[in-house]
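Single-structure report; data block below.
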Amino acid sequence: MNDYIQKGIEKGLISFNDDYSRITYKHVNKTCNYLDPEEQIEAESFLKLVLVYNYPVQRIKLFEKVTMGASKKEADIIIYEDDLCLNPSIIVECKKQEVSEAEFLQAIEQAASYAYALSGTVKYIWTTSGIKNSYLQIDKERQTRIQIPNIPIFGKAVQKYNFVKGGRLRNEDPGNDVIKQQFFDLEQVSESELTNRFKKAHQSLWAGGELNPSDAFDELDKLIFCKIWDERKPRKKGEPYDFQIFDIEKPKNATQKDIDAIEQQITMDLAKRIFALYEEGRNKDKEVFKDNIRLTPQRIRTVVSYLQEANLSKTDLDSKGKAFETFMGSYFRGDFGQYFTPRNIVKFIVDVLPIKNDSKVLDTSCGSGGFLLYALDKVRKQAGDYFDAGTVDHYNHWHDFASKNLFGIEINEQIARTAKMNMIIHDDGHTNVISSDGLLRDNVLMEKTANKGFEYGTFDVIITNPPFGSTVKQTEKAYLHQYLFGNKDVDWLDTKNSAVKERDSQSTEILFIEQDKNFLKEGGYLAIVIPDGIITNSSLQYVRDNIEEWFRIVAVVSMPQDAFKANGAGVKSSVLFLKKWTKEQSQKIKDTKFKLQERIKKEANYYTIVDKLEKTKKDIIKNHVGFDNNTGYTDKKSIEKSDSFIEWKKQITEQYKQKLDDFKEQLIEDYNSKLQKEIVDYPIFMAIADQIGYDATGKEIPTNDLEMIGEELKKFIETL
């Protein structure tokens, strides 16, 4: 429940019916529909006026009729200067959070029209959507409007700015909530409110058409970065934050033209402070943003108005993470077609793996950083098992992991930057997220990015969902031949002494399996989302053979068909859990396979039979055995050039090819049946998840098979 609502109930200002669908304002005995989003903002605004601004409740009128020419309209809230409520002082106009920028400006004009229509000296207008506020001081006589940081607290003057570290001071009497200062500290906000703040700020940047959604997202990222940097800067208690709108003293007799010029100066001063914050932060984190802020000062002011009062540093970590991911996910799906791994699957994978604060963890296709963030959250929770929250040891336990052991690669530079921002919002780890092709060799990666952490054979855990369906072509990526999966291996039943040949192309998801093997330590774990074709297609047996040689197969967990549908992808997939063999174990498996293959070929007299089949085929064709000559020719050369002979020869060739294929198939079956007895046999955890906590549309459902599967799989992994 909202803190203001809870306090309002406790102080007897409001009450609710049993299902909280109706709210009653006690001092006016008025009941309203609390399910109306606008009514929720009005209730919160009323309570702030009493609990925060300290206005006497008897001087506050709600739903007051205002005569507008021949008609009457209803003002949401009016605050009066006297107990008899004869002289109106402040007009409050409330709108729902989802209101557009244009509708918000219209609401300001609506409030102003009430001010001019009312008798008496209305001095202030407060227009609010809960996540955005506009405060105006008006002079009805001079017909002027002046933007101000806030309406005054009861009995106090309007201050130059709103937010300072530590916030307002209170009376020594703990039972008295009278505020001694105008200033406020930043507020922790809910997940839904923060999501709305991000969305509305983003819309304000692109809806006017000056920026496309992609550029607007980039620019908003930069300002969120400035906001977080401002909150983390060292400052004494009582010092103002820079990421807010400051006022400038205005002359008493200023005209509207003078005021407009001053407003322009306020906007320019704000932009200068934001640019300074950006440069300070960039000097500390050079890899996050490489280009300058490209917004006009007015656009900067608009975004600041949505974010200035929210405390991103102290807002609950899970809430702000979900808010950013929700906003970011809906944007990227719409604009980029990126398919991010659903949270339930990410949580399942991370939960079952033995990730600790000294584990070196990598995602080779990290997208927005979901796997990395859950790994960070897992270690952060582990810190609580050893140290008290808030202590240096607790902080170092998880923060050292974030800054030294958590790595990500993302090919799309904008998404990589978003992953870094996601990490910053979650309190760091972003320095080891790089924008690069995750299939580059480790020496090239480290040379291109100057990050020496991306070394083969050094990672304890790799958690990833590589891109499906795309291919790497040799003509486009010269590194393809460096991969075993980039070459066509010689079949063990090959009789033509074929050489290894380069493939023209290979699927990215297959190449990433090999790349992840390269990055892993011996004994390290790989959890990878793969299309089911890798498990089932006969043409991909060579992939499964190599997986068997490189890894101990720990588990295969099948996902439902619609697992990724809500995120834009419909490929049937599974999660494959693998543990990398030692070099000795891997070589032993290869040697065992080779010896078994050679033994089977010898026992079956393979080469002799193959030669005999080939010789028999050639003799039949050479001597025309069984060919019914109806060509009209008698000489051999003419017969062999005829269409009917060519067709017959093709049939004989196919017939003997089939005989050879059938023979090979027998040997392969023999090989597969004996292989399990030859190599070390071990149990594999197998499971099918029919429900994973949401349906095809992304709507949450009560059943999540991954929870039970995860508990059992974690126990299984602990025994390895």
Side-chain angles (χ1 to χ4, degrees), residues 163 165 186 197-198 201-202 205 211 214-235 239-246 267-304 306-308 310-313 320-321 324 327-328 366 368-369 372-373 376 399 402-404 406-436 445-454:
F163 306 106
K165 185 175 182 180
L186 303 177
R197 287 181 186 271
F198 287 152
H202 180 244
L205 292 180
L211 293 174
S214 173
D215 290 340
F217 188 89
D218 262 358
E219 296 305 310
L220 178 57
D221 256 1
K222 294 172 187 174
L223 294 190
I224 293 173
F225 175 73
C226 292
K227 169 67 171 163
I228 294 172
W229 178 252
D230 185 44
E231 292 177 12
R232 293 181 182 176
K233 277 181 61 175
R235 54 169 47 85
E239 287 185 355
Y241 292 97
D242 293 316
F243 196 96
Q244 65 174 314
I245 300 166
F246 279 56
T267 303
M268 296 300 295
D269 289 347
L270 172 64
K272 287 178 183 177
R273 290 198 308 280
I274 299 302
F275 291 147
L277 282 171
Y278 188 62
E279 289 307 314
E280 286 178 33
R282 237 184 355 170
N283 287 335
K284 293 283 185 181
D285 299 289
K286 297 182 186 298
E287 287 298 314
V288 181
F289 295 106
K290 297 177 182 177
D291 56 343
N292 295 324
I293 293 174
R294 294 178 290 124
L295 294 174
T296 64
Q298 185 57 52
R299 295 268 183 174
I300 291 172
R301 181 168 180 167
T302 299
V303 173
V304 169
Y306 281 108
L307 301 180
Q308 61 180 350
N311 190 325
L312 298 186
S313 297
K320 67 184 176 184
F324 188 72
F327 156 62
M328 173 192 60
C366 73
S368 61
L372 302 180
L373 290 169
L376 174 57
H399 192 267
S403 60
K404 298 174 183 177
L406 205 53
F407 291 76
I409 308 170
E410 169 54 44
I411 193 169
N412 183 295
E413 185 174 351
Q414 186 176 7
I415 299 176
R417 191 159 57 245
T418 302
K420 294 172 191 175
M421 274 302 306
N422 213 349
M423 298 300 290
I424 290 172
I425 282 177
H426 283 78
D427 297 336
D428 282 334
H430 62 282
T431 50
N432 294 318
V433 175
I434 62 171
S435 175
S436 184
L445 273 172
M446 291 187 287
E447 183 180 342
K448 287 171 73 75
T449 64
N451 189 316
K452 302 305 178 185
F454 293 89

With sequence neighbours excluded, what pairs up with D269 under the side chain to side chain donor-acceptor pair (under 3.5 Å) test? Q265
Note: C226 and L277 closest approach over all heavy atoms is O-CD1, 4.0 Å
Going from CZ on F243 to NZ on K227, what distance comes out if it is rounded to the nearest 0.5 angstrom? 6.5 Å
Side-chain contact, heavy-atom cut-off 4.5 Å: L406 with N432? no
In Å and rounded to the nearest 0.5 Å, what is the CD1 to CZ distance from I293 to F225? 9.5 Å
Residues that E279 engages under salt bridge (Lys or Arg N to Asp or Glu O under 4.0 Å), provided they are two or more places apart: R282
Please give me the minimum heavy-atom distance between L220 and A201, naming the atom from each residue. CD1-CB, 3.9 Å
Using the side chain to side chain contact (heavy atoms under 4.5 Å, CB included) criterion, which residues pair with T302? Sequence neighbours excluded. E101, K132, S204, Q298, Y306
For T418 and F217: C-alpha separation, side-chain torsions, deciding distance, then whether side chain to side chain contact (heavy atoms under 4.5 Å, CB included) applies. CA-CA 9 Å; T418 302; F217 188 89; 3.2 Å; yes
For R417, is there an ion pair with D221 - N to carboxylate O distance below 4.0 angstrom? no
Can you confirm whether L223 sits close enough to L295 that some side-chain heavy atom of one is under 4.5 Å from a side-chain heavy atom of the other? yes
Residues at least two apart in sequence or cross-chain that pass side chain to side chain donor-acceptor pair (under 3.5 Å) with R273, listed by chain then number, are none
Which residues pass the salt bridge (Lys or Arg N to Asp or Glu O under 4.0 Å) test with K233, sequence neighbours left out? D242, E280
Mind checking the OG-CG spacing from S403 to L376? Nearest 0.5 Å is all I need. 10.0 Å
Tell me, please, which residues at least two apart from F275 pass ring-ring contact (aromatic ring centres under 6.0 Å, His included). none
Would you say that N451 contacts F407 through its side chain, given a criterion of any heavy-atom pair below 4.5 Å between the two side chains? yes
Look up atom CD1 in I245 and atom CD1 in I300, then write down how far apart they are to the nearest 0.5 Å. 11.5 Å
Quick one: list whatever passes ring-ring contact (aromatic ring centres under 6.0 Å, His included) with F163, sequence neighbours left out. none
Testing the basics here: between E410 and A416, what is the closest heavy-atom pair and its distance to 0.1 Å? CG-N, 3.6 Å
In Å and rounded to the nearest 0.5 Å, what is the CG to CG distance from D230 to L312? 10.5 Å
Tell me, please, which residues at least two apart from E447 pass salt bridge (Lys or Arg N to Asp or Glu O under 4.0 Å). none
Atom pair CE (M421) and OG (S368), whose distance is rounded to the nearest 0.5 Å: 12.5 Å
C366 and I409, any side-chain heavy atoms less than 4.5 Å apart: no
How would you list, by chain and number, every residue that makes a side chain to side chain donor-acceptor pair (under 3.5 Å) with Q308, sequence neighbours excluded? none
If you count heavy atoms of other groups shown closer than 6.0 angstrom to CD of E413, is the number above 12? no
Nearest heavy-atom neighbours spanning I415 and N412: N-OD1, 2.9 Å
Qualifying residues under side chain to side chain donor-acceptor pair (under 3.5 Å), relative to E219, sequence neighbours excluded: K222, R294
I'd like to check Y241 versus R235 (side-chain heavy atoms, cut-off strictly below 4.5 Å). Are they in contact? yes
For N311, check side chain to side chain contact (heavy atoms under 4.5 Å, CB included) against everything at least two apart and list the hits. L186, E231, S313, K314
Looking only at heavy atoms, the pair that brings G453 and M446 closest together is N-SD, 4.4 Å
